[in-house]
4 protein chains.
Amino acid sequence: MTLSARSLRSDAARNRELLLAAAEEEFAKRGMDASIADIARRAGVAKGTVFRHFATKEELVAVVVGGHFVSLGAVAGELLESADPTGALLEFLAVAAEQLQHQDLVFLQAVTEGDSTVTECRNQLHARTNALVDRAQEAGGIRSDVTGSDILLILCALVHTVGLRTEQTPDSWRRHLIILFDGLRPQGASPLPGPVSERL
Amino acid sequence: MTLSARSLRSDAARNRELLLAAAEEEFAKRGMDASIADIARRAGVAKGTVFRHFATKEELVAVVVGGHFVSLGAVAGELLESADPTGALLEFLAVAAEQLQHQDLVFLQAVTEGDSTVTECRNQLHARTNALVDRAQEAGGIRSDVTGSDILLILCALVHTVGLRTEQTPDSWRRHLIILFDGLRPQGASPLPGPVSERL
Amino acid sequence: MTLSARSLRSDAARNRELLLAAAEEEFAKRGMDASIADIARRAGVAKGTVFRHFATKEELVAVVVGGHFVSLGAVAGELLESADPTGALLEFLAVAAEQLQHQDLVFLQAVTEGDSTVTECRNQLHARTNALVDRAQEAGGIRSDVTGSDILLILCALVHTVGLRTEQTPDSWRRHLIILFDGLRPQGASPLPGPVSERL
Amino acid sequence: MTLSARSLRSDAARNRELLLAAAEEEFAKRGMDASIADIARRAGVAKGTVFRHFATKEELVAVVVGGHFVSLGAVAGELLESADPTGALLEFLAVAAEQLQHQDLVFLQAVTEGDSTVTECRNQLHARTNALVDRAQEAGGIRSDVTGSDILLILCALVHTVGLRTEQTPDSWRRHLIILFDGLRPQGASPLPGPVSERL
DNA sequence: GATGAATGAGGGTTCATTCAT
DNA sequence: TATGAATGAACCCTCATTCAT
């Protein structure tokens with residue numbers, strides 16, 4: 001009974017994963033203009049099934065975006081244990097960029113504004129990124145006038161351009177990430193104007 | 001008749017400008033989701049008039065985006081005369097960012113893919129940016145492994161985030177631009193992987 | 001086995017009652033717009049269970065409506081024994097109105113058109129109401145040109161308005177019922193045009 | 001020019017009338033469940049055209065319902081000039097019932113709750129009906145404990161049943177109207193409980 | 001050239017109904 | 001028998017685009 005109950009649910013769970021994967025790809029391609037119909041088609045389910053799993057298109061976006069925040073937060077959490085603070089920050093950026101390659105968090109986040117679950121995930125990611133930055137700064141690895149918010153924002157921005165150039169130079173963001181990182185070095189850093197807000 | 005023909009033409013020209021200005025503002029606010037109806041309303045003309053001037057919404061976008069390319073190209077052209085190559089590049093970035101503040105070229109460009117006029121404008125902008133970069137590199141002002149494409153792309157990416165954070169820290173891109181520029185310094189630059197394509 | 005079979009059956013019977021009660025309330029609140037999902041939720045069962053008991057939403061409506069017919073028919077049956085024919089009719093109307101207060105039979109019946117069970121129940125109610133009317137007419141209590149159909153129809157109509165005015169004057173139908181009854185008096189009654197059909 | 005402008009508008013005006021007529025019929029048949037698609041089809045226009053004329057389904061309902069209020073109000077207004085107050089009230093009821101034959105105002109009004117234009121129309125109708133009733137009462141033609149609200153409500157209720165019985169006895173409401181009117185006679189009227197609200 | 005009415009495809013969402021478990 | 005996941009038709013509504021005037 002438990003088994004059958006579980007297997008029933010596992011079908012549903014499978015659809016949920018298919019839907020999230022499909023949504024990920026469709027949102028990556030078309031942003032919020034991705035249609036529920038396309039997502040359903042890609043997942044191989046009927047349109048109605050989408051709404052069984054996610055009450056609203058916005059909720060679907062929130063889950064997708066929230067998932068990224070959680071996942072990035074986990075990466076940051078692990079790297080906070082690293083013995084090499086500066087290297088940890090660099091690795092965080094690399095891993096994060098790799099992971100975000102197909103998503104434009106900055107863009108999709110706009111839709112999610114106000115969803116408390118997503119906000120929470122984001123805040124945690126934020127806190128951890130700030131911690132990573134703090135440690136790198138204390139170690140003298142990066143300039144002291146930069147914040148975690150700056151870095152996350154730039155990171156998202158860089159990744160944003162990926163989708164548009166896939167066929168040509170899908171890896172250009174790697175170059176740009178290094179330029180960014182070089183811009184974070186403390187030696188000879190130019191002074192920055194006004195602070196960035198704490199929100200991502 | 002010549003008179004009336006001319007006045008008609010000047011009326012039409014005026015409408016065209018009104019429409020472009022309105023489109024600029026609406027696209028800035030809502031991206032491609034801006035509706036023709038809203039643009040027409042803001043321009044003070046009827047919906048049908050939009051299509052008399054621009055066969056398609058995409059064409060309207062193309063003209064707006066193309067306008068930005070031309071305008072940025074002009075800025076780059078002037079700065080190519082500057083006696084201070086490195087300063088010229090920095091200034092170009094600052095002016096471009098300022099100008100793009102309300103437009104997301106990278107985003108809107110996707111729609112324009114394939115429009116030959118826009119491509120041409122973009123190529124010119126590209127060529128001039130490359131020239132600016134070359135001169136700065138020759139002067140030893142910036143690292144030698146970076147291209148004009150890299151810089152334009154990063155610039156657009158940074159500006160992309162502006163719209164979403166208007167109320168909080170509308171100027172965060174200024175901070176990020178400086179970080180970018182610091183990342184361009186030749187001293188101790190980390191090696192970059194593979195080249196970026198020539199296309200913007 | 002008998003035991004478990006029986007317990008299953010009584011569970012099913014219980015669910016059936018729960019569903020009918022839930023349907024009654026939901027239909028009262030939202031008419032035919034009440035959703036199966038809401039009814040199931042209110043009854044505390046799964047959606048699928050609704051369809052095990054009632055093949056169709058229409059069938060569920062038919063059973064609910066039929067139940068009212070049966071119940072009203074029973075009331076009429078009892079009152080046929082009364083020693084005061086005119087008082088019996090008045091009481092019938094009062095009791096019926098009270099009972100229908102939350103249901104719009106005339107409305108819901110439209111959906112039931114053609115269901116033979118409901119038709120049967122309705123015919124019985126009809127017959128008994130006609131009998132009540134006949135007796136009252138013989139006793140000289142009400143005008144002779146009115147039929148049971150007239151009265152049932154008017155009754156349903158009056159009750160129909162109840163739902164819409166709940167907060168304001170939930171009892172206005174009591175006033176209207178009396179006006180109706182006064183209209184039934186034989187003294188000085190105006191002649192009525194053409195007969196009403198026998199169907200409710 | 002005025003001519004052409006007007007003819008353009010007259011096409012639109014024609015569609016508007018076609019739509020209102022179609023809406024009238026569809027709402028009569030299915031109440032609020034009438035679909036925009038059906039209304040458009042019946043009017044012979046595309047779905048989108050409905051929304052050009054009426055921003056919302058509710059607005060369409062409001063216009064239809066409001067139209068009835070206005071029209072009934074006009075009838076009442078004329079009859080207020082009559083030399084025979086009691087006859088005027090009877091005629092008002094007859095004309096109103098005739099006109100409402102295919103509409104269930106009480107039902108559709110629920111949707112319109114809160115629309116200020118409709119409310120205004122309804123209030124005027126209300127005021128005039130009250131005036132008709134007052135005059136009939138002063139003339140001793142009808143019982144003194146009844147209000148215009150009572151009468152309108154009953155009238156709508158009676159008419160409500162029409163639609164459901166079209167094929168059988170479409171005119172049964174004529175019978176019921178007379179019964180209602182007989183119930184309004186002052187002689188031997190039974191006392192009515194609590195007052196009805198002023199709102200229709 | 002300009003207008004704005006008309007079109008119709010497509011979008012998000014709901015819901016009765018079916019069916020595997 | 002009961003469950004609840006899946007389906008797909010239908011709904012209201014938006015919007016780029018066309019066209020008669």
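Below, chains carry the letters A, B, ... as their sequence lines are ordered, and counting in each starts from 1. The basis for the numbers below is simple: all heavy atoms, side chains too, and nothing from hydrogens, waters or symmetry mates.
Atom CZ of Arg16(C) is separated from atom P of dT1(F) by 13 Å (rounded to the nearest Å). To the nearest angstrom, C1' of dC12(F) lies 14 Å from CD of Glu59(D). One interatomic measurement links the two molecules: CD1 of Ile36(C) to P of dT3(F), which rounds to 15 Å at whole-angstrom precision.
Along DNA chain E, the nucleotide nearest Asp38(A) and the nucleotide nearest Val50(D) are compared for position; the residue whose nucleotide lies closer to the 5' end is Val50(D). Closest-nucleotide positions on DNA chain F for Ala37(B) and Met32(D) were compared, and the one nearer the 5' end corresponds to Met32(D).
Between Thr49(A) and dA5(F), a side-chain N or O to OP1/OP2 separation shorter than 4.0 Å is absent. When the side-chain nitrogen and oxygen atoms of Lys47(A) are compared with OP1 and OP2 of dG8(F), none of them lie within a distance under 4.0 Å. In this model, the phosphate group of dA10(F) is not approached by any side-chain N or O of Ser35(D) to a distance below 4.0 Å at OP1 or OP2. Side-chain nitrogen and oxygen atoms of Asn15(D) include none within less than 4.0 Å of the OP1 or OP2 phosphate oxygen of dA5(E). For the OP1/OP2 pair of dA2(E) and a distance below 4.0 Å, the side-chain nitrogens and oxygens of His53(B) include at least one atom meeting the criterion. Regarding contacts with the backbone of dA6(F), every side-chain N or O of Arg52(A) stays at 4.0 angstrom or more from both OP1 and OP2. In this model, the phosphate group of dC12(F) is not approached by any side-chain N or O of Thr56(D) to a distance below 4.0 Å at OP1 or OP2.
Under 3.5 Å, the side chains of His53(A) and Glu59(A) contain no donor-acceptor pair of N or O atoms.
Between Arg30(D) and Asp38(D) there is a salt bridge, since at least one side-chain N of the basic residue sits less than 4.0 Å from a carboxylate O of the acidic one. Salt-bridge formation is detected for the pair Glu26(C)/Lys29(C): a Lys NZ or Arg NE/NH1/NH2 atom is positioned less than 4.0 Å from an Asp or Glu carboxylate oxygen.
With distances taken from any side-chain atom of Val45(D) to the nucleotides dT3(E), dT7(E), dG12(E), the minimum falls on dT7(E). Closest to the Phe51(C) side chain, of the nucleotides dG1(E), dT13(E), dT17(E), is dT17(E). For Lys57(B), the side-chain atoms get nearest to dA16(F) when compared with the rest of dA16(F), dT13(E), dG1(E).
Using a 4.0 Å heavy-atom distance criterion, Ala34(B) is classed as a sugar-phosphate-only contact.
Base pairing analysis places dC12(F) opposite dG11(E); the two distances defining the Watson-Crick or G-U wobble pair are each below 3.5 Å. Base pairing of dT7(F): its partner is dA16(E), meeting the Watson-Crick or G-U wobble criterion (both donor-acceptor distances under 3.5 Å). Base-pair partner of dA2(E): dT21(F) (Watson-Crick or G-U wobble, both distances under 3.5 Å).
Contact check for Val61(D) versus Phe54(D): no side-chain heavy atoms found under the 4.5 Å cut-off.
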